[in-house]
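These notes are about the structure you will find just below.
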Amino acid sequence: MKLNSDYYLNEDVISLAKDLLGKVLYTKIEGEITAGVITETEAYFGIKDKASHAFGSRRTARTETMFAQGGIAYVYLCYGIHNLFNVVTSPKDNPNAVLVRSIEPLIGVEIIEERRSMPRTKVAISAGPGSAAKALGIDRTFNAKDLSGDEIWIEDHQIYFNPDQISISPRVGVAYAQEHALLPLRFFVKGNKYVSKPNKV
DNA sequence: AAACGGATTGGCT
DNA sequence: GCCAATCCGTTTC
């Protein structure tokens, strides 16, 4: 069930971003397990991607996580408040990553409701990257954690989608990325409620 | 030691 | 659907 560590070494981050739709993201925090089905992702293709923190091989204390071997978490703070969770992919020194933008709550829904201070009936409980991370209790302490450990991991529950069940659009919030701003690198499950607001197509 | 700016959210109309 | 708060970590001086 848990994804093999080789899974994350695939250098085709775009295929991986699509393939992660339907996979189940788990966290275990102080003995409490919560999980959700990934319903929305974005691909960031490393040093040539103007929207990536690793653009131009930019190595800083923060971006170093992305240069590590695939199969760990990259969690960073956005707008001073939101923790955004990414899956680091590809071999060492190829800083590709997949941003998990939305999940559908699956396990430990009561705990998720408590973390988000809202009932499961509101889709905002786990739609959008900041909300999805918060729903699973992911904060910066998860940065660089191994996805094959027992604190955060991803499982295959045999939920698969055909190409016609996946919608594709430009990435959200990367207008500054010039010619890369409009690339079709955002993927989400067609018709699923748990998808972030912007450009819902 | 200080300025910068953002891979957003949610509240309000 | 639109708009504006937020705010601290990151980077640079």
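Throughout, protein chains are lettered first and strands after them, A, B, ... in sequence-line order, and every chain is numbered starting at 1.
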## Note on the structure
The remaining residues in the hydrophobic cluster of A:Phe67, counting side-chain heavy-atom contacts under 4.5 Å among Ile, Leu, Val, Met, Phe, Trp and Tyr, are A:Ile47
### Query
By the rule that ILVMFWY residues connect when side-chain heavy atoms come within less than 4.5 angstrom, directly or transitively, which residues belong alongside A:Ile72?
A:Tyr44, A:Met66, A:Tyr74, A:Tyr76, A:Leu84, A:Val88, A:Leu99, A:Val174, A:Tyr176
### d(CG, A:Asp139; P, C:dG9) in whole Å
12 Å
### Message
Could you go through A:Lys145 and A:Glu151, starting from their C-alpha distance and side-chain angles, then the distance that decides it, and tell me whether this counts as salt bridge (charged side-chain N to carboxylate O under 4.0 Å, His left out)?
### Response
CA-CA 8 Å; A:Lys145 280 197 175 161; A:Glu151 292 179 89; 2.7 Å; yes
### Query
If you group Ile, Leu, Val, Met, Phe, Trp and Tyr by side-chain heavy-atom gaps below 4.5 Å, do A:Tyr26 and A:Ile29 land in one group?
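Shared cluster, yes.
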### Query
Do the side chains of A:Leu20 and A:Ile14 join up, straight or via other hydrophobic residues, at under 4.5 Å, putting them in one cluster?
yes
Validation: residues 118-128 of chain A side-chain donor-acceptor distances under 3.5 Å, sequence neighbours left out:
unit_1   : atom_1 : unit_2   : atom_2 : d
A:Arg120 : NE     : A:Glu113 : OE2    : 2.9
A:Arg120 : NH2    : A:Glu113 : OE1    : 3.3
A:Ser126 : OG     : A:Ile103 : O      : 2.7

### Task
Pick the C1' atom in B:dA7 and in C:dT12, then give their distance to the nearest Å.
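Taking atom C1' in both B:dA7 and C:dT12, they lie 22 Å apart.
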## Note on the structure
Contact string for nucleotides 2-13 of chain B, one letter per nucleotide 5' to 3', B = base within protein heavy-atom range under 4.0 Å, S = sugar-phosphate only, - = neither, reads ----BBBSBB--
### Message
Among A:Lys197, A:Arg171, A:Lys190, A:Arg101, which residue satisfies the salt bridge (Lys or Arg N to Asp or Glu O under 4.0 Å) criterion with A:Glu40?
### Response
A:Arg101
### Query
Excluding sequence neighbours, so at least two apart, what forms side-chain contact (heavy atoms from CB on, under 4.5 Å) with A:Asp156?
A:Leu3, A:Lys23, A:Gln158, A:Tyr160
### Message
For Watson-Crick and G-U wobble pairs within 3.5 Å on both distances, what is DNA chain B written in dot-bracket notation, | included for inter-strand pairing?
### Response
||||||.|||||.
